[in-house]
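Numbered from 1 within each chain, the chains take letters A, B, ... in sequence-line order.
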Amino acid sequence: MTRDIEVKIVLLNESASPGTLHVPVSFDFQQDPSDLDFRLTVNCGQVFRWRELDDGGLAGVDGDNWWHVSVSGENVRVSGNGTQDQFRKLFRMDQDWAAHRSAVIAKAPELAPMMGLLPGLRLMDSSDPVEVLFSFLCSSNNHLPRIKAMVASMALLGAPLGVVQGELFHRFPNVERIAELTESELREKGFGYRAATIPVAAKQIVEMGGSPWLKALKSVPYHRARSELLELAGVGPKLADCICLFGLGHTEAVPVDTHVWQVAARLWFPEFKNASLTTRRYAQIAEALQSRLGTLAGWAHQFLFYENLLNWRGRS
DNA sequence: TAGGGACCTGCC
DNA sequence: GCAGGTCCCT
């Protein structure tokens, strides 16, 4: 691993988030793709700003850092402006995921087939809950390509971080900047009815203390964090759980969306077959996973979600 | 409480 | 018609 001097440059652009630029570093390591598959992990709907490059690599942003990942068999080369520890944290590389896999299969054997189809799907740990929150605010009643376009559009408002293969990557804007947006400008940019809720939610967060308030929800119990998030405009049970799981490290959270709903009805609740997703039934499904898997429930849920998403066309 | 409909926009 | 829903109203 090489580690060059860090140069801190505070950007003076008032309209953008303050950020830091570092001299790029790179490091190499060995990684079994069936334990951690970077391509799968950044494409399975936890994050919306990673893209595949012409050289076959992956590039994306997390918080103040941009990353460029190149995988060749078990050899991985990472370039970026952050530390190796930050990269390892993003992909939760310090945990024993083979053991986690065995634990999930032991307690919920019916999940084994789906886990087998998606080897290397890892739960990420974003360092910017603000980006997670507003990304998922864009996701309601929406599809992936448009969600990505909307998140990319918001990201243009943030400070420039670095250039990868000729493409400029931005830090996600801070809540204060998002709170300045107007409904009409967001509607012009194609946000649809979410244009109304995004600035309102941002103002609510600023009112309560901004990003520090949101980050503080990492260290309160999951149910407390969830109920606080539910007070925000446009945030219902599903989004609150996504924010808890992907942005706040509450890994017992189980977001129940249309895909998880379908799988759950097939697997555990046949009586839900022609029913609607109510608060009560939502809780029953989440509880079914949480009671058996505890803090591994959120990771396990990801297999239900993504396997169903990939194969939804093939089902009735 | 459960069920139903509206809501932006774009792709199947 | 339907998307990784939420909100409002019977």
Side-chain angles (χ1 to χ4, degrees), chain A residues 40-50 114 118 121 123-124 126 131-154 181-202 204-205 226-247 253-266 269 271-287 289 297-316:
Chain A
L40 172 60
T41 297
V42 302
N43 282 322
C44 69
Q46 307 181 45
V47 291
F48 302 93
R49 282 215 288 152
W50 282 70
M114 282 172 268
L118 302 168
L121 193 169
L123 183 66
M124 293 179 74
S126 167
E131 171 160 356
V132 174
L133 193 153
F134 288 97
S135 295
F136 279 97
L137 218 36
C138 295
S139 76
S140 69
N141 192 20
N142 207 350
H143 50 253
L144 217 41
R146 191 154 83 111
I147 297 167
K148 284 183 177 175
M150 288 162 68
V151 175
S153 160
M154 288 189 84
L181 296 170
T182 63
E183 173 173 354
S184 56
E185 68 182 299
L186 284 170
R187 280 197 180 264
E188 283 169 20
K189 289 179 180 175
F191 281 73
Y193 60 82
R194 301 159 201 84
T197 49
I198 287 170
V200 173
Q204 284 179 286
I205 295 169
R226 187 179 193 272
S227 64
E228 298 265 351
L229 292 170
L230 286 172
E231 298 299 315
L232 299 174
V235 178
K238 192 269 179 181
L239 295 201
D241 278 324
C242 284
I243 298 158
C244 279
L245 180 60
F246 302 126
V254 176
V256 180
D257 53 52
T258 162
H259 296 288
V260 174
W261 169 248
Q262 286 175 26
V263 180
R266 242 180 2 249
F269 300 96
E271 68 273 25
F272 291 175
K273 181 68 180 174
N274 292 309
S276 60
L277 178 50
T278 62
T279 306
R280 178 175 165 72
R281 292 199 266 261
Y282 185 114
Q284 289 181 68
I285 292 169
E287 175 68 18
L289 278 168
W299 178 54
H301 130 280
Q302 200 62 211
F303 291 88
L304 302 189
F305 162 70
Y306 198 57
E307 191 276 335
N308 193 260
L309 175 64
L310 291 179
N311 298 312
W312 71 276
R313 283 170 212 282
R315 307 189 197 285
S316 56

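- Remark: the A:Tyr282 side chain and the A:Asp241 side chain contain an N/O donor-acceptor pair separated by less than 3.5 Å.
- The shortest heavy-atom contact between A:Phe191 and A:Arg146 is C-NH1, 4.5 Å.
- For C:dG4, the base has a donor-acceptor partner in the side chain of A:Lys238 [N/O atoms by modelled type, under 3.5 angstrom].
- Classified by interplanar angle (parallel below 30°, tilted 30° to 60°, perpendicular above 60°), the ring pair A:Phe269/A:Phe272 is parallel.
- No engagement by A:Val260 is indicated, since no non-hydrogen atom pair under 4.0 Å with the nucleic acid exists.
- Within the nucleic acid shown, A:Pro255 has no heavy atom closer than 4.0 Å to any nucleic acid atom.
- Applying the side chain to side chain contact (heavy atoms under 4.5 Å, CB included) test between A:Trp261 and each of A:Leu304, A:Ile285, A:Asn308 identifies A:Ile285 as the sole match.
- Between B:dG4 and C:dG4, the two P atoms lie 22 Å apart (nearest whole Å).
- Rounded to whole Å, the separation between the P atoms of B:dC8 and C:dC8 comes to 14 Å.
- Ring-centre distance between A:Phe48 and A:Phe246: not below the 6.0 Å cut-off.
- Of all the heavy atoms in A:Cys44 and A:Phe305, the pair that sits closest is O-CE2, 3.4 Å.
- Residue A:Thr258 has no polar side-chain atom (N or O) positioned under 4.0 Å from OP1 or OP2 of C:dG4.
- At the heavy-atom level, A:Gln46 lies under 4.0 Å from base atoms of the strands shown.
- When heavy atoms are screened at a 4.0 angstrom cut-off, A:Arg194 is found touching base atoms of the nucleic acid.
- Within residues 139-147 of chain A, the residues approaching DNA chain B are A:Asn141, A:His143, A:Arg146, by heavy-atom distance under 4.0 Å.
- Annotation: of the two residues near DNA chain C, A:Cys242 and A:Leu232, the 5′-most nearest-nucleotide partner is A:Cys242.
- Below the 3.5 angstrom threshold, one finds a donor paired with an acceptor across the side chain of A:Tyr193 and the base of C:dG5.
- Here A:Cys138 lies out of heavy-atom contact (under 4.0 Å) with every strand.
- Taking atom C1' in both C:dG1 and B:dG5, the straight-line distance is 15 Å, to the nearest Å.
- OP1 or OP2 of B:dG3 lies within a sub-4.0 Å distance of a side-chain N or O belonging to A:Ser276.
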Legend entry - DNA chain B base-pair string [pairs: Watson-Crick or G-U under 3.5 Å; |: paired with another strand]: .||||||.|||.

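- Closest approach of A:Leu230 and A:Pro237 over heavy atoms only: CD2-N, 3.5 Å.
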